[in-house]
2 protein chains.
Amino acid sequence: MTAVNDPVPDPGAPEQRIVKPPSMVDLAARSVRQMILGGTLIPGERVVENRLTAQLGISRPPLREALRMLEHEGLIRQSQHRGAVVTPLTLHDVYEIVTFRRELERMAVVLGVPVADTDRLQRCWTAIRRMEAAVDARDEAELSEANFDFHLAVVGLAGHRRLEASYRSLQLQMQLCMALNRNARSRRKESASANMLRHRKLLRIIEDGDPDAVLAELEHHGDRTFLADLPASLDNGSDQAVAWLEKERAHPA
Amino acid sequence: MTAVNDPVPDPGAPEQRIVKPPSMVDLAARSVRQMILGGTLIPGERVVENRLTAQLGISRPPLREALRMLEHEGLIRQSQHRGAVVTPLTLHDVYEIVTFRRELERMAVVLGVPVADTDRLQRCWTAIRRMEAAVDARDEAELSEANFDFHLAVVGLAGHRRLEASYRSLQLQMQLCMALNRNARSRRKESASANMLRHRKLLRIIEDGDPDAVLAELEHHGDRTFLADLPASLDNGSDQAVAWLEKERAHPA
DNA sequence: CGGTCTGCAATTGTCTACAATAGTTTGACT
DNA sequence: AGTCAAACTATTGTAGACAATTGCAGACCG
């Protein structure tokens, strides 16, 4: 089903940006990533190599390298002779992800906000247009991906490759979190247009060039709605994390 | 020479913390890492798989996974069918590494400085003791590694695994930078005792529990000496980076 | 003499097969 | 009947071989 070798050239879709055909390990990584983020593989579940090789139609060596990549992205965890499991999220993980992500955004704004290169802004606008098209087309998956790209493009304003890479990793893990409480996703749907407005507003403020204003706007952009209803499935968190969540929720919106 | 399979049990050294014998890929990654950071492989040089497998006495699959890890650590870069090269550092890379590293330290202090867990402080003190022992023994390599552990332990005070992992990666790349201007290393030697004093002082301030004081101390702890004499070999940096370096050097110590 | 094309060598990407380890189940003994 | 141990199964770790792609060298042509 999710076979990598399927020729699917996406005839109607916009031309793939990847000119070079990605290697098997990249394709495998992408496939497994989508399985995890799409909910096919749920956190805590074992990731058996043979099963995946059969499903993807590839051999084990490239798959193993792909898994190694996913491990560094934080989506799975591997241990010696025991195989890999989809990262079982605890409250502490949510704490780490949210705080780290926020901090990286802050840093990106501070470093990049009087935007130096116009191309970087272009990238943001392109992502926004993609999002709008996805909203019009009612394409949930495309919207999610475009939203991902938008945030990445905003962080990319800093012109800081390492920062952007770290942010990408965290964003992926954030999606893993959100894959948990998929049921509570519906309410975000009708606010899609409002969401777009917020994004455009943010970008305009960025263009104005005042870092502090951007930071202030980012406050509202935040993950409050996400933190409001965390799935009950994640129990065991450190007391450090629960204390943080308390404070976070107490903080006025 | 650098063969992985050499049984070298380090008879006199303190017992390895790794109870489980690390897998081949971990050993391979460690070996190649040391080759890179030790100057055996210089930035820009090609990393040929077959050569390394012959030197390390292992097969290619584990080596490939090890290289994949090093790529995520930022020490090498791989491209399709073209193999891997040791990351060729530009001034822009130095800019990214230094700024990112500093920011992560800041975040770690903010999150972790009224230290919650005593064990974390213990870890810092242990690292300090290791450094002192290394200074007494005139063991340069051990000192470097202990110093590495100390910084990592300080960041670890935050109890934030992802933060610590990112910091570790950056610290490695920092070492890669310093491997470039190895000639200018001698002057740091006689200041080793002063260095130790600064470290102890930092740790005492941390124990006091005032984040701002720690941040102030970290300012002096900085990379000014490192930025003072950058090797002339790294030329091509972005104008963004050169502007930053200007400002950085203008800033009073 | 410069540019381009073709063939070769080197290196990487992938696959199949084998060895070793961890977890599990079954059996025997207490 | 309960518990410990040993063998077994499933899964991962590693090795060597094959296929595909790239970059270069030399020759050919303009």
Side-chain angles (χ1 to χ4, degrees), chain A residues 2-7 16 18-33 35-36 41-42 44-72 75-88, chain B residues 2-7 16 18-33 35-36 41-42 44-72 75-88:
Chain A
T2 341
V4 162
N5 290 326
D6 285 352
Q16 279 279 8
I18 317 285
V19 275
K20 295 204 172 190
S23 68
M24 282 301 183
V25 344
D26 289 323
L27 288 174
R30 177 182 296 268
S31 298
V32 179
R33 203 180 290 130
M35 281 188 195
I36 294 174
L41 294 171
I42 62 177
E45 189 174 350
R46 289 191 59 183
V47 178
V48 182
E49 297 183 357
N50 276 331
R51 211 188 320 275
L52 287 178
T53 56
Q55 287 179 8
L56 299 176
I58 62 173
S59 186
R60 281 183 50 214
L63 178 72
R64 285 177 62 85
E65 292 186 34
L67 291 183
R68 197 63 77 165
M69 293 177 63
L70 294 183
E71 182 183 25
H72 274 275
L75 294 182
I76 67 174
R77 280 188 198 165
Q78 287 180 294
S79 43
Q80 189 77 280
H81 288 108
R82 222 166 301 175
V85 295
V86 181
T87 306
Chain B
T2 341
V4 162
N5 290 327
D6 285 353
Q16 279 279 7
I18 317 285
V19 274
K20 296 204 172 189
S23 67
M24 281 301 185
V25 345
D26 289 323
L27 288 174
R30 178 183 297 267
S31 297
V32 180
R33 204 180 291 130
M35 282 188 193
I36 294 175
L41 294 171
I42 62 177
E45 189 173 349
R46 287 191 60 184
V47 179
V48 182
E49 297 182 359
N50 275 332
R51 209 189 318 277
L52 287 178
T53 55
Q55 288 179 10
L56 299 176
I58 62 173
S59 185
R60 279 183 53 214
L63 178 73
R64 283 178 64 85
E65 292 185 35
L67 291 183
R68 198 63 79 164
M69 292 176 64
L70 294 183
E71 182 182 26
H72 274 274
L75 294 182
I76 67 172
R77 282 192 195 160
Q78 287 181 294
S79 43
Q80 189 78 280
H81 288 284
R82 220 165 302 176
V85 295
V86 181
T87 306

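Convention: sequence-line order gives letters A, B, ...; per-chain numbering from 1. Since the structure is predicted, the reported quantities are computational estimates derived from the model, not experimental observations.
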Main-chain N/O of B:I42 paired with B:E45 side-chain donor or acceptor, under 3.5 Å: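 Pair found, side chain donor or acceptor close to backbone of B:I42.
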Nucleotide of [options] approaching [X] most closely (side-chain heavy atoms):
X: B:P62; options: D:dT14, C:dT14, D:dT12; value: D:dT14
X: B:S59; options: D:dA15, C:dA22, C:dT12; value: D:dA15
X: A:M24; options: C:dT14, D:dT12, C:dT12; value: C:dT14
X: B:R82; options: D:dG23, C:dT12, C:dC15; value: D:dG23

Whole-Å distance between [N] [atom2] and [X] [atom1]?
X: A:E45; N: D:dT11; atom1: CD; atom2: P; result: 13 Å
X: A:R68; N: D:dT12; atom1: CZ; atom2: P; result: 13 Å
X: A:H81; N: C:dG23; atom1: NE2; atom2: C1'; result: 13 Å
X: B:R60; N: D:dA20; atom1: CZ; atom2: P; result: 15 Å
X: B:R64; N: C:dT11; atom1: CZ; atom2: C1'; result: 10 Å
X: B:N50; N: C:dA9; atom1: CG; atom2: P; result: 17 Å
X: A:E65; N: D:dT12; atom1: CD; atom2: P; result: 16 Å
X: B:L52; N: C:dT11; atom1: CG; atom2: P; result: 12 Å

B:I36/B:T87 under side chain to side chain contact (heavy atoms under 4.5 Å, CB included): CA gap, chis, key distance, verdict: CA-CA 10 Å; B:I36 294 175; B:T87 306; over 6 Å; no
Residue whose nearest DNA chain C nucleotide is more 5′ - B:P61 or B:R51: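 Residue closer to the 5' terminus by nearest nucleotide: B:R51.
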B:Q80 vs C:dG13: side-chain N/O to OP1/OP2 distance below 4.0 Å: yes
Sugar-phosphate only, base, or nothing, as touched by B:R46 at under 4.0 Å among non-hydrogen atoms: sugar-phosphate
A:R77/A:E71 ion pair, N-O < 4.0 Å: no
Check: A:V32 and A:L52 side chains under 4.5 Å, non-hydrogen atoms: yes
Full working for side chain to side chain contact (heavy atoms under 4.5 Å, CB included) between A:N50 and A:Q55: CA-CA 9 Å; A:N50 276 331; A:Q55 287 179 8; over 6 Å; no
